[in-house]
Amino acid sequence: MRFKLRPKDDTFFDYFTRAAQNLVKGTELLSELAVPGADVQSVSERLGDIEHDSDQITHELYNKINTSFITPFDREDIYRLGSQLDDVMDHLEATGNLVYLYGLTKMPALPREMLELIDVLDRQARVTAQAMPKLKTMKDLKEYWIECNRLENEGDRAYRMLLVRLFSGEYDALTVLKMKEVADELELATDAFEHVANTVETIAVKES
């Protein structure tokens with residue numbers, strides 16, 4: 001039987017949970033882009049606010065690691081998980097910023113496949129937010145990383161279909177370049193969610 005000395009301080013888990021909840025807020029804001037007449041500038045600015053809050057959470061997490069004698073699991077894994085959660089938020093914020101700066105919502109509608117990618121991200125964010133509090137007990141996490149990886153595959157399919165549409169001749173060359181950059185950020189965000197899930201799996205295996 002393995003004996004592990006664990007701190008009673010739940011602050012680390014609170015940081016992970018807060019960061020994941022910000023990701024849900026971020027994907028909810030991106031989902032507003034599907035609404036005709038959406039205030040894209042407002043979406044972009046609010047995403048920026050959430051991204052700044054996530055940066056602060058990450059900064060506080062790092063300080064907590066550096067001032068804690070005992071951590072709930074490996075310091076390296078705590079750094080990695082905190083950084084990866086922040087990476088997801090960076091991609092979400094970049095997406096909203098690009099859509100606004102490029103004026104893409106002046107189009108009659110964003111491509112259906114782009115909205116499907118945003119929907120995938122929203123579902124990844126929600127399962128991630130539900131999983132973070134479970135790190136405290138390391139129970140019932142397997143379904144999370146399996147589902148998050150499945151959603152990443154779904155996102156890959158939507159991304160490939162989006163590329164097919166972009167290069168079909170439906171849009172002018174400049175619009176294609178703009179939307180391709182947005183599509184790449186969305187795809188990177190789905191990958192970043194998968195990286196979070198993979199790290200959670202690694203931590204759970206180590207702690208089992």
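Since this is a predicted model, take the numbers as computed values, not measurements.
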Reported [atom1]-to-[atom2] distance for the pair [X] and [Y], which is rounded to 0.5 angstrom:
X: Met179; Y: Phe167; atom1: CE; atom2: CZ; result: 10.0 Å
X: Asp119; Y: Glu154; atom1: CG; atom2: CD; result: 7.5 Å
X: Leu186; Y: Asp191; atom1: CG; atom2: CG; result: 11.0 Å
X: Leu30; Y: Leu47; atom1: CG; atom2: CG; result: 5.0 Å
X: Leu61; Y: Gln56; atom1: CG; atom2: CD; result: 11.5 Å
X: Thr27; Y: Arg126; atom1: OG1; atom2: CZ; result: 6.0 Å

Has [X] got a side-chain atom pairing as donor or acceptor with [Y]'s backbone, closer than 3.5 angstrom?
X: Ser68; Y: Ile70; value: no
X: Asp172; Y: Thr175; value: yes
X: Arg75; Y: Ile65; value: yes
X: Ser44; Y: Val40; value: no

Any link between [X] and [Y] through a network of hydrophobic side chains (Ile, Leu, Val, Met, Phe, Trp, Tyr) touching at under 4.5 Å?
X: Val127; Y: Ile146; answer: yes
X: Leu117; Y: Leu188; answer: no
X: Val24; Y: Leu92; answer: no

Applying side-chain contact (heavy atoms from CB on, under 4.5 Å), run through Lys134 and Val200 and close with a yes or a no.
CA-CA 10 Å; Lys134 297 177 182 178; Val200 169; over 6 Å; no
Looking at Leu110, Leu33, Leu104, Leu162, which one forms a side chain to side chain contact (heavy atoms under 4.5 Å, CB included) with Val182?
Leu104
Give the ring-plane orientation class for Phe73 versus Phe16, where under 30° counts as parallel, over 60° as perpendicular and anything between as tilted.
parallel
Among Glu32, Glu51, Glu93, whose side chain to side chain donor-acceptor pair (under 3.5 Å) with Arg46 holds?
Glu32
Quick check: closest heavy atoms across [X] and [Y], and the distance to 0.1 Å?
X: Cys148; Y: Phe193; result: SG-O, 3.6 Å
X: His91; Y: Ala192; result: CD2-CB, 4.1 Å
X: Met89; Y: Gly26; result: CE-CA, 4.3 Å

Is there a salt bridge (Lys or Arg N to Asp or Glu O under 4.0 Å) between Arg150 and Glu143? Walk through the geometry before answering.
CA-CA 10 Å; Arg150 186 194 70 79; Glu143 290 183 0; over 6 Å; no
Have Tyr79 and Asn66 got a donor and an acceptor in their side chains that come within less than 3.5 Å?
yes
Donor + acceptor pair across side chains of Ser54, Asn22 (<3.5 Å):
yes
Return yes when atom CD of Glu76 has more than 12 non-hydrogen atoms of other residues, nucleotides or ligands closer than 6.0 Å, and no otherwise.
no
Salt bridge or not for Lys64 and Glu60, using N-O below 4.0 Å?
no
